[in-house]
Peer 1: 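Take this structure, written in structure tokens, and hold onto it; I'll ask about it next.
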Amino acid sequence: MNLHKDLIFILPLMILSCKDKEKASYLEEIEIMTLTLDSLENVAKNQKTDSIPRIVLTIEETIHKVKKNYIADTIDLKIATMMNKYKDAKKSLSSNTGNLAKAKDAIPEVKEKLKDLKHDIENGVGDREKYEQYINFEKGKIEEIEEILNYYIKTSTKNMDQFRTAHPKVTNFADSLERENAK
């Protein structure tokens with residue numbers, strides 16, 4: 001008879017103990033996700049985008065100068081390839097800034113959701129059976145932000161390198177065409 005009373009008393013304590021460990025685990029995951037978001041936010045803030053509109057304008061002006069002064073029916077394959085890469089850098093730099101904006105916009109939204117989820121877990125609010133599902137959903141959002149940010153950085157670096165390599169050559173070509181037409 002005493003064993004039965006002990007089980008009735010111990011069983012709820014064991015269940016509560018498991019729930020406390022689960023709660024602590026969820027809160028730890030939220031803390032890690034929040035730190036990850038802080039890091040991603042710092043990376044996003046440190047991206048130097050102020051020169052991109054100037055570079056895009058420079059490319060447009062240089063391409064216009066080439067078009068205005070190039071008269072031949074055919075263009076050298078090497079020059080055509082260089083011009084295409086130059087134009088591609090402009091197009092990609094212009095459109096890629098949207099990826100940075102998307103990541104920057106998403107970070108505070110996810111931070112807010114994590115803050116709300118943390119509050120719910122700490123206070124046992126909402127559907128406790130779905131806490132893990134909610135955490136996994138927010139993890140997915142963070143991974144998506146990280147992918148977008150990584151893509152932005154990789155693409156920007158590639159296109160800035162492409163610009164730096166091609167710009168002097170394209171500018172020299174455009175200037176030589178202009179000088180030829182001035183004769």
Side-chain angles (χ1 to χ4, degrees), residues 5-60 84-167:
K5 284 183 181 179
D6 289 343
L7 282 177
I8 291 174
F9 181 71
I10 293 174
L11 192 58
L13 286 177
M14 288 175 51
I15 291 171
L16 283 176
S17 175
C18 289
K19 290 290 182 189
D20 286 345
K21 285 181 185 177
E22 196 173 69
K23 179 179 173 180
S25 173
Y26 291 153
L27 292 173
E28 185 178 328
E29 284 187 69
I30 289 172
E31 184 61 29
I32 291 168
M33 289 190 292
T34 302
L35 292 172
T36 300
L37 281 172
D38 288 343
S39 295
L40 292 172
E41 188 171 40
N42 285 333
V43 169
K45 283 180 181 176
N46 289 324
Q47 296 307 305
K48 304 292 181 228
T49 59
D50 53 339
S51 64
I52 291 175
R54 202 169 357 115
I55 290 169
V56 168
L57 182 62
T58 299
I59 293 171
E60 286 173 352
N84 285 336
K85 285 184 178 181
Y86 195 62
K87 289 178 188 177
D88 289 347
K90 173 194 160 266
K91 184 178 173 183
S92 186
L93 285 170
S94 294
S95 65
N96 197 29
T97 54
N99 288 320
L100 181 61
K102 192 185 299 184
K104 283 182 173 181
D105 289 346
I107 290 169
E109 291 172 16
V110 176
K111 275 187 169 185
E112 188 64 31
K113 293 288 185 187
L114 286 177
K115 182 179 156 194
D116 293 345
L117 185 55
K118 180 180 179 182
H119 174 269
D120 289 352
I121 292 170
E122 285 176 336
N123 296 297
V125 178
D127 190 350
R128 295 175 186 172
E129 300 302 315
K130 291 190 176 183
Y131 286 167
E132 187 172 355
Q133 180 183 339
Y134 298 150
I135 287 172
N136 289 334
F137 182 76
E138 297 307 325
K139 275 184 192 176
K141 284 184 178 180
I142 292 169
E143 288 170 6
E144 192 175 308
I145 292 168
E146 194 169 12
E147 286 174 20
I148 291 169
L149 204 49
N150 285 335
Y151 176 81
Y152 169 81
I153 293 167
K154 184 177 124 192
T155 303
S156 287
T157 302
K158 175 186 160 218
N159 287 294
M160 290 299 284
D161 290 346
Q162 218 167 288
F163 168 76
R164 287 186 194 103
T165 301
H167 184 67

Peer 1: Looking at Glu60, I'd like to know if its CD atom is crowded, meaning that more than 12 non-hydrogen atoms belonging to other residues, nucleotides or ligands lie closer than 6.0 Å.
Peer 2: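 It does: Glu60 CD has more than 12 such atoms within range.
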
Peer 1: Does any non-hydrogen side-chain atom of Asp116 lie less than 4.5 Å from one of Glu112?
Peer 2: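 When only atoms from C-beta onward are counted, Asp116 and Glu112 do touch, with a gap below 4.5 Å.
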
Peer 1: I need the Leu100 CG to Asp105 CG distance, nearest 0.5 Å.
Peer 2: 9.5 Å

Peer 1: Rounded to the nearest 0.5 Å, how far apart are OG1 of Thr36 and CD of Glu138?
Peer 2: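 Output value for this atom pair is 13.0 Å.
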
Peer 1: Does the side chain of Ile52 reach to within under 4.5 Å of the side chain of Thr97, using non-hydrogen atoms?
Peer 2: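 In short, these two side chains touch, coming nearer than 4.5 Å.
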
Peer 1: Between Leu40 and Ile145, what is the shortest heavy-atom contact and its length?
Peer 2: CD1-CG2, 4.0 Å

Peer 1: Just how far is it from atom CG of Leu93 to atom CD of Gln162, taken to the nearest 0.5 Å?
Peer 2: 8.5 Å

Peer 1: Using 0.5 Å steps for rounding, measure from the OH atom of Tyr134 to the CG atom of Asp120.
Peer 2: 8.5 Å

Peer 1: Show, in sequence, the C-alpha distance, side-chain angles and deciding distance for Glu132 and Glu22, and conclude whether the side chain to side chain contact (heavy atoms under 4.5 Å, CB included) test is met.
Peer 2: CA-CA 10 Å; Glu132 187 172 355; Glu22 196 173 69; 5.9 Å; no

Peer 1: Is any side-chain heavy atom of Lys115 less than 4.5 Å from a side-chain heavy atom of Thr34?
Peer 2: no

Peer 1: Would you mind reporting whether Ile55 and His167 have side-chain heavy atoms less than 4.5 Å apart?
Peer 2: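 Side-chain contact under 4.5 Å: no.
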
Peer 1: In plain terms, say whether Arg164 and Asp161 are close enough for a salt bridge, that is, a side-chain N and a carboxylate O under 4.0 Å apart.
Peer 2: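 Yes, this pair counts.
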
Peer 1: What heavy-atom pair brings Ile30 and Leu114 nearest, and what distance separates the two atoms?
Peer 2: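 Residues Ile30 and Leu114, closest heavy atoms: CG2-O, 4.0 Å.
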
Peer 1: Less than 4.0 angstrom from a charged side-chain N to a carboxylate O is my criterion; do Glu41 and Lys111 meet it?
Peer 2: yes

Peer 1: Within the supplied structure, the quantity of interest is the number of heavy atoms (other residues, nucleotides, ligands) at a distance under 6.0 Å from Lys104 NZ; does it exceed 12?
Peer 2: yes

Peer 1: Could you state the interatomic distance from CG (Leu27) to CG (Leu117), rounded to the nearest 0.5 Å?
Peer 2: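 Going from the CG atom of Leu27 to the CG atom of Leu117 covers 8.5 Å.
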
Peer 1: Angle class for the Tyr131/Tyr26 ring planes (parallel below 30°, perpendicular above 60°, tilted otherwise)?
Peer 2: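 Rings of Tyr131 and Tyr26: perpendicular, as their planes differ by over 60°.
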
Peer 1: Test: side chain to side chain donor-acceptor pair (under 3.5 Å). Region: residues 140-155. Which pairs qualify, not counting sequence neighbours?
Peer 2: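 For residues 140-155: none.
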
Peer 1: Could you grab the distance from atom CZ of Arg128 to atom NZ of Lys23, nearest 0.5 Å is fine?
Peer 2: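 Rounded to the nearest 0.5 Å, the CZ-NZ separation comes to 8.5 Å.
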
Peer 1: With side chain to side chain contact (heavy atoms under 4.5 Å, CB included) as the test, would you mind laying out the steps for Arg54 and Ser51 before giving the verdict?
Peer 2: CA-CA 5 Å; Arg54 202 169 357 115; Ser51 64; 3.5 Å; yes

Peer 1: Kindly give the heavy-atom pair with the smallest separation between Ile148 and Asn99, and that separation in Å.
Peer 2: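 Looks like CG2-O, 3.2 Å.
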
Peer 1: Is Met33 close to Ile135 at the side-chain level, that is, under 4.5 Å between some pair of heavy atoms?
Peer 2: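 Yes - at least one pair of side-chain heavy atoms lies under 4.5 Å apart.
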
Peer 1: Could you tell me if the side chain of Ile59 sits less than 4.5 Å from the side chain of Lys87, heavy atoms only?
Peer 2: no

